[in-house]
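Okay, structure first, notes after.
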Amino acid sequence: QVQLVESGGGLVQAGGSLRLSCAASGSTFSGYAMSWFRQAPGKEREFLAAVTWNTGSAYYADSVAGRCTISRDNAKNIVYLQMNRAKPEDTALYYCAVQPWTNRSYLQNYKAYNYWGQGTQVTVSS
């Protein structure tokens, strides 16, 4: 059974940085894409970034491109999201999710993901 556990959230000041981690277990993730989403109260779940497990190819939403870096540690089965220059509007619950990798067309559709973590809260103070 696939399990995804996020960590690294908390309170950060505007302009600061944070690194989120997603520990994955219960499967081999070869052939999958691992992604980060976030959801703020009253808003839809928003795709942020994805990385393919095999090749490490990264994809970003325009809203975070240049501020975020996604990476993975295959040996530890961990996916990271580094966020720099944090803004108050980054305040949200951050989730990781996994889907079988086909092509980038499906990455931003949260319905295409098979498994989700419980989320980690990020609060950016102004």
Side-chain angles (χ1 to χ4, degrees):
Q1 182 177 355
V2 173
Q3 286 192 321
L4 304 174
V5 180
E6 303 93 338
S7 62
L11 179 65
V12 62
Q13 288 190 333
S17 298
L18 56 92
R19 189 176 79 159
L20 305 179
S21 300
C22 173
S25 62
S27 178
T28 57
F29 294 97
S30 174
Y32 281 75
M34 309 289 284
S35 299
W36 285 96
F37 285 76
R38 68 185 178 190
Q39 189 165 20
K43 295 189 177 182
E44 292 188 354
R45 195 162 295 193
E46 177 190 13
F47 169 80
L48 300 176
V51 63
T52 58
W53 200 257
N54 289 8
T55 65
S57 298
Y59 303 89
Y60 298 94
D62 290 343
S63 60
V64 297
R67 290 200 300 128
C68 284
T69 302
I70 190 170
S71 60
R72 89 269 189 254
D73 184 329
N74 287 22
K76 297 181 179 179
N77 274 13
I78 297 178
V79 177
Y80 301 101
L81 183 71
Q82 175 76 33
M83 178 178 285
N84 300 321
R85 303 190 302 280
K87 305 175 182 180
E89 50 264 44
D90 292 325
T91 295
L93 191 60
Y94 283 67
Y95 298 92
C96 65
V98 61
Q99 66 166 249
W101 169 249
T102 52
N103 62 69
R104 63 188 299 173
S105 300
Y106 299 98
L107 292 176
Q108 300 196 30
N109 182 0
Y110 71 89
K111 297 180 180 179
Y113 288 81
N114 307 79
Y115 300 99
W116 293 83
Q118 292 300 307
T120 185
Q121 177 67 38
V122 171
T123 302
V124 182
S125 64
S126 58

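Of the possible polar contacts, one joining the R85 side chain to the G66 backbone as a donor-acceptor pair under 3.5 Å is found. The closest donor-acceptor contact from the side chain of Y60 to the backbone of I70 lies under 3.5 Å. At least one donor-acceptor pair under 3.5 Å links the side chain of T52 to the backbone N or O of S57. Put simply, the side chain of Y95 never gets that close to the backbone of T120: no donor and acceptor are under 3.5 Å apart. No donor-acceptor distance shorter than 3.5 angstrom exists from the side chain of Q108 to the backbone of A61, with no hydrogens or angles considered. The main-chain N or O of V124 is found under 3.5 Å from a side-chain atom of T91 such that the two form a donor-acceptor pair. Put simply, the side chain of N77 never gets that close to the backbone of A23: no donor and acceptor are under 3.5 Å apart. Put simply, the side chain of Q39 never gets that close to the backbone of A92: no donor and acceptor are under 3.5 Å apart. At distances below 3.5 Å, not a single donor-acceptor pair connects side-chain atoms of N109 with backbone N or O atoms of Y106. Panel note: side chain E46, backbone R38; no donor-acceptor pair is recorded below 3.5 Å.
With a 6.0 Å radius and a threshold of 12 heavy atoms from other residues, nucleotides or ligands, Y59 has its OH atom above the threshold. Under a cut-off of 6.0 angstrom, the local environment of CD in Q118 is sparse, with at most 12 non-hydrogen atoms contributed by other residues, nucleotides or ligands. More than 12 heavy-atom neighbours from other residues, nucleotides or ligands sit within 6.0 angstrom of CD on Q121.
When every heavy atom of L93 is checked against every heavy atom of G119, the shortest pair comes out as CD1-C, 3.9 Å. A pairwise comparison of heavy atoms in G31 and N54 identifies N-OD1, 2.9 Å as the closest pair. When all heavy atoms of P88 and S126 are compared, the closest pair comes out as CG-CB, 3.8 Å. Among all heavy-atom pairs drawn from A97 and L4, the shortest one is CA-CD1, 3.8 Å.
Summarising the geometry, atom OG belonging to S27 is positioned 11.5 Å from atom CD belonging to Q1; distances are rounded to the nearest 0.5 Å. Note that SG of C22 is 9.0 Å distant from CD1 of I78, once rounded to the nearest 0.5 Å. S7 contributes atom OG, which lies 9.0 Å from atom CZ of R19 (distance to the nearest 0.5 angstrom). S35 OG to W116 CH2: the interatomic distance, rounded to the nearest 0.5 Å, is 8.0 Å. Atom CG of N114 is separated from atom CD of Q99 by 7.5 Å, given to the nearest 0.5 angstrom.
Hydrophobic clustering (ILVMFWY, side-chain heavy atoms < 4.5 Å, transitive): V79 and F47 are in distinct clusters. A continuous path of Ile, Leu, Val, Met, Phe, Trp and Tyr side chains, each step under 4.5 Å between heavy atoms, connects V2 with M34, placing both in one hydrophobic cluster. Residue V12 is grouped with residue W36 when hydrophobic side chains (ILVMFWY) are merged at heavy-atom distances under 4.5 angstrom, including chains of intermediate members. A continuous path of ILVMFWY side-chain contacts below 4.5 Å connects L18 to L48, so both sit in one hydrophobic cluster. If you chain together hydrophobic residues whose side chains sit under 4.5 Å apart, Y32 and V51 fall into the same group.
In this structure, R45 is not positioned above the aromatic face of F37 in the sense of NZ or CZ being under 6.0 Å from the six-membered ring centre and within 45° of the axis.
Using a 4.5 Å cut-off on side-chain heavy atoms (C-beta onward), C68 and L81 make contact.
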Passes side-chain contact (heavy atoms from CB on, under 4.5 Å), F29 versus R72? Steps please.
CA-CA 11 Å; F29 294 97; R72 89 269 189 254; over 6 Å; no
